[in-house]
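Notes to accompany the following structure.
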2 protein chains.
Amino acid sequence: MSNSDVAADQSGGVQSVDRAITILEVLARHGEVGVTEVALELGVHKSTAFRLVSTLENHGLVEQSGDRGKYRLGVGLLRLAGATTARLDVVQEARPICKRLAAETGETVNVAVLSGSSALYLDQIAGSSALQPHNWVGQHIPLHATSNGKVLLSGLDEDDLDDVLHELPALTGLTVTKRSRLRKELAVVREQGYATAVDELEEGLTAAAAPIRNAHGDVIASLSVSGPTFRLGEEKMTTVVPQLTEAALEVSHRLGWGHR
Amino acid sequence: MSNSDVAADQSGGVQSVDRAITILEVLARHGEVGVTEVALELGVHKSTAFRLVSTLENHGLVEQSGDRGKYRLGVGLLRLAGATTARLDVVQEARPICKRLAAETGETVNVAVLSGSSALYLDQIAGSSALQPHNWVGQHIPLHATSNGKVLLSGLDEDDLDDVLHELPALTGLTVTKRSRLRKELAVVREQGYATAVDELEEGLTAAAAPIRNAHGDVIASLSVSGPTFRLGEEKMTTVVPQLTEAALEVSHRLGWGHR
DNA sequence: GGGTGAGTTGCGTCCACGGCAACGCATTCT
DNA sequence: AGAATGCGTTGCCGTGGACGCAACTCACCC
């Protein structure tokens with residue numbers, strides 16, 4: 001359970017601020033907590049906990065339910081978080097991680113988002129290999145024939161899927177063209193947390209993609225590694241995919257995803 | 001006079017926590033700020049500001065750009081804010097419906113509630129994920145100049161209206177500044193079940209909003225669609241408004257409205 | 001009515017916090 | 001190049017502010 005994990009203190013900073021923030025984290029975990037319980041969790045006296053909570057309340061970071069009731073997180077946090085997202089953008093946050101991923105795998109890394117009924121490529125980091133693919137940035141690519149597209153689709157519910165999917169033209173011999181088949185694949189993507197596409201968009205082009213999520217858990221973008229099929233075979237994929245999902249998760253964390 | 005204007009302090013709480021939170025607010029306002037500037041704004045010594053900032057950094061509430069660079073708000077806030085909205089059931093229930101509405105209309109969707117004498121924005125879903133408009137979440141916005149505000153006002157009776165409405169400053173040339181005019185508009189809002197605001201808060205910004213009701217029929221929140229005026233013209237509105245009112249009604253149903 | 005357990009508050013002690021000054025490191029000026 | 005400025009960062013005390021104690025006020029339940 002949550003309690004045995006002390007880990008609270010010793011941050012080497014200002015003690016009271018440390019404690020105050022720990023209180024916020026406790027409230028985030030438990031929802032509604034009383035002063036006494038907070039004090040217990042911090043290992044401080046009731047009165048200390050009370051004063052810290054009061055200070056937080058004065059700034060709107062926590063609110064009290066009722067007159068002498070428990071405490072919970074307040075809307076002041078929304079204001080601060082709003083200011084955070086103002087400067088946060090996916091490309092910005094993802095870039096350093098993408099570069100690392102590109103270096104690790106040696107292949108090209110892309111970031112894409114859903115735009116209407118296609119995938120819009122926002123960023124690209126070229127791999128180290130001599131053979132460079134063309135630059136996808138700014139292009140709209142079919143959703144059903146790419147790993148990025150499948151990941152983005154996997155974040156939609158059934159109704160939205162129908163709005164977005166119109167036709168499934170065959171771009172190569174291996175393109176998925178049947179809706180039922182695609183739906184099955186999307187279920188697998190949701191299950192395993194990544195998607196792949198081998199020779200489905202272009203002959204000889206293989207890619208794998210994993211979801212980037214925001215604080216609410218919505219899939220807001222997709223991160224992919226792609227390269228020529230002859231380089232990205234079965235066994236190469238077994239090392240690339242974990243690196244990819246790890247990187248996507250890291251970006252998601254930077255965007256606030258991380259409720260357990 | 002010599003020292004800072006501020007006035008944000010002396011909350012009668014724990015001093016260092018007060019200061020730490022003030023730092024967060026400063027960062028929220030200015031975006032990126034250095035230690036020295038923070039110290040100046042708080043009226044404390046550089047080292048004090050530094051230690052406070054460091055403590056915040058250890059918890060992920062602020063981050064440093066570069067190795068010895070300035071500081072900005074961190075992603076830890078997003079996680080806390082996520083936990084905040086998780087307990088607000090309006091946001092929780094509205095979210096999937098908002099997402100659908102945002103997809104249908106292609107414009108930004110907001111959820112707002114009445115907070116004191118302004119509208120507090122609780123959630124926002126961007127229309128097209130590529131380019132993010134201004135993020136209103138957590139902000140307090142004038143009631144008389146927004147569609148959300150008009151909807152929230154339309155749920156009040158005459159007495160409460162007077163308590164809440166103080167002044168009606170003109171924010172653009174089209175802002176409603178006369179009480180009599182506003183009252184007439186509110187009657188129309190009650191009548192037709194939605195409100196609009198064209199260039200009333202900001203030049204070039206158009207919005208429409210509809211009420212979210214609880215089981216008792218009270219207006220507890222407001223749902224809005226907003227975008228640039230050139231995209232949300234007369235004819236676009238004729239399709240958007242029904243989608244909007246439909247969505248708001250659906251959220252209301254989820255909250256128990258309409259089960260006799 | 002008395003008992004329990006919540007949140008709240010005054011008070012005195014003591015230590016954590018804040019101010020000082022020096023340092024490392026960039027960048028700019030001459 | 002060297003000097004000079006100005007930033008973020010750190011060790012060192014002294015003291016003011018935070019903390020623990022204990023008493024208080026409410027609610028709720030035997």
Side-chain angles (χ1 to χ4, degrees), chain A residues 3 6-27 29-74, chain B residues 2-4 6-27 30-74 87:
Chain A
N3 54 5
V6 183
D9 297 329
Q10 92 287 351
S11 295
V14 177
Q15 189 189 52
S16 23
V17 176
D18 253 328
R19 289 171 169 173
I21 299 173
T22 306
I23 289 178
L24 291 178
E25 288 163 355
V26 168
L27 291 178
R29 263 204 307 280
H30 294 80
E32 281 212 334
V33 185
V35 166
T36 308
E37 199 177 337
V38 167
L40 216 65
E41 195 124 2
L42 294 198
V44 301
H45 195 268
K46 256 199 317 184
S47 61
T48 303
F50 172 73
R51 271 184 286 260
L52 291 170
V53 166
S54 289
T55 307
L56 292 170
E57 189 186 15
N58 287 337
H59 289 267
L61 301 196
V62 311
E63 336 173 306
Q64 192 170 208
S65 57
D67 197 22
R68 294 184 141 240
K70 300 181 168 224
Y71 288 88
R72 52 173 190 250
L73 293 179
Chain B
S2 56
N3 59 5
S4 48
V6 191
D9 294 330
Q10 87 283 356
S11 301
V14 178
Q15 189 190 51
S16 17
V17 176
D18 254 329
R19 288 171 169 171
I21 299 174
T22 306
I23 289 178
L24 292 178
E25 288 163 356
V26 168
L27 291 179
H30 294 87
E32 280 212 334
V33 185
V35 166
T36 307
E37 201 176 336
V38 167
L40 217 65
E41 193 124 3
L42 294 197
V44 299
H45 194 269
K46 257 201 312 185
S47 60
T48 303
F50 171 72
R51 272 184 282 260
L52 291 170
V53 166
S54 290
T55 307
L56 291 170
E57 190 187 16
N58 287 337
H59 289 266
L61 301 197
V62 312
E63 342 173 303
Q64 193 172 204
S65 57
D67 197 25
R68 301 185 134 237
K70 300 182 169 221
Y71 288 88
R72 52 171 191 251
L73 293 179
R87 89 183 154 67

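Throughout, protein chains are lettered first and strands after them, A, B, ... in sequence-line order, and every chain is numbered starting at 1.
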When rounded to whole Å, the CZ to C1' distance for the pair A:Phe50 and C:dG10 reads 13 Å
Can you find an N or O donor on one side and an acceptor on the other, under 3.5 Å apart, linking the side chain of B:Ser47 with the base of C:dG19? yes
A:His45 NE2 to C:dC15 P, in whole Å, measures 17 Å
Quick note, A:Thr36 side chain, CB onward, closest among C:dT8, D:dA18, C:dG7 is C:dG7
Does A:Ser16 put a side-chain nitrogen or oxygen below 4.0 Å from OP1 or OP2 of D:dG17?
no
query: Counting N and O atoms only, with roles assigned by atom type, does the side chain of A:Thr55 sit under 3.5 Å from a partner on the main chain of B:Asp18, one being a donor and the other an acceptor?
result: no
Under 4.0 Å: is that the gap between some side-chain N or O of A:Gln15 and OP1 or OP2 of C:dC17?
yes
- prompt: Mind checking whether A:Leu27 and A:Arg72 have side chains closer than 4.5 Å, heavy atoms only?
  reply: no
(message) For a quick check, tell me whether the side chain of B:Lys46 and the base of C:dG19 share a donor-acceptor pair closer than 3.5 Å.
(response) no
Atom CG of A:Leu42 and atom C1' of D:dC19 are separated, to the nearest Å, by 13 Å
key: A:Ser16 side-chain N/O to B:Val17 backbone N/O, donor-acceptor pair under 3.5 Å   = no
Taken to the nearest whole Å, CG/B:Leu52 to C1'/D:dA18 is 14 Å
Of the listed D:dT9, D:dC19, C:dG18, the closest approach to the B:Tyr71 side chain comes from D:dT9
Picking from D:dT9, C:dG18, C:dG7, the nucleotide nearest the side-chain atoms of B:Gln64 would be D:dT9
Out of D:dG20, D:dG8, C:dT8, minimum distance to the side chain of A:Arg19 belongs to D:dG20
Distance col, row B:Ile21:CD1 vs A:His59:NE2, nearest 0.5 angstrom, shows 4.5 Å
Atom CD1 of A:Ile23 and atom P of C:dG7 are separated, to the nearest Å, by 12 Å
Under the 3.5 Å rule, do the base of D:dG17 and the side chain of A:Arg51 count as making a donor-acceptor pair? no
Worksheet item: So, A:His45 side chain and A:Ser47 main chain: donor-acceptor pair closer than 3.5 Å or not?
Response: yes
Handout entry: Distance test, side-chain N/O of A:Ser54 to OP1/OP2 of C:dT8, below 4.0 Å
Key = no
Rounded to whole Å, the CD-P distance (A:Glu57 to C:dG7) equals 13 Å
Going by modelled atom types, is there a donor-acceptor pair between the base of C:dG7 and the side chain of A:Lys70 at under 3.5 Å?
no
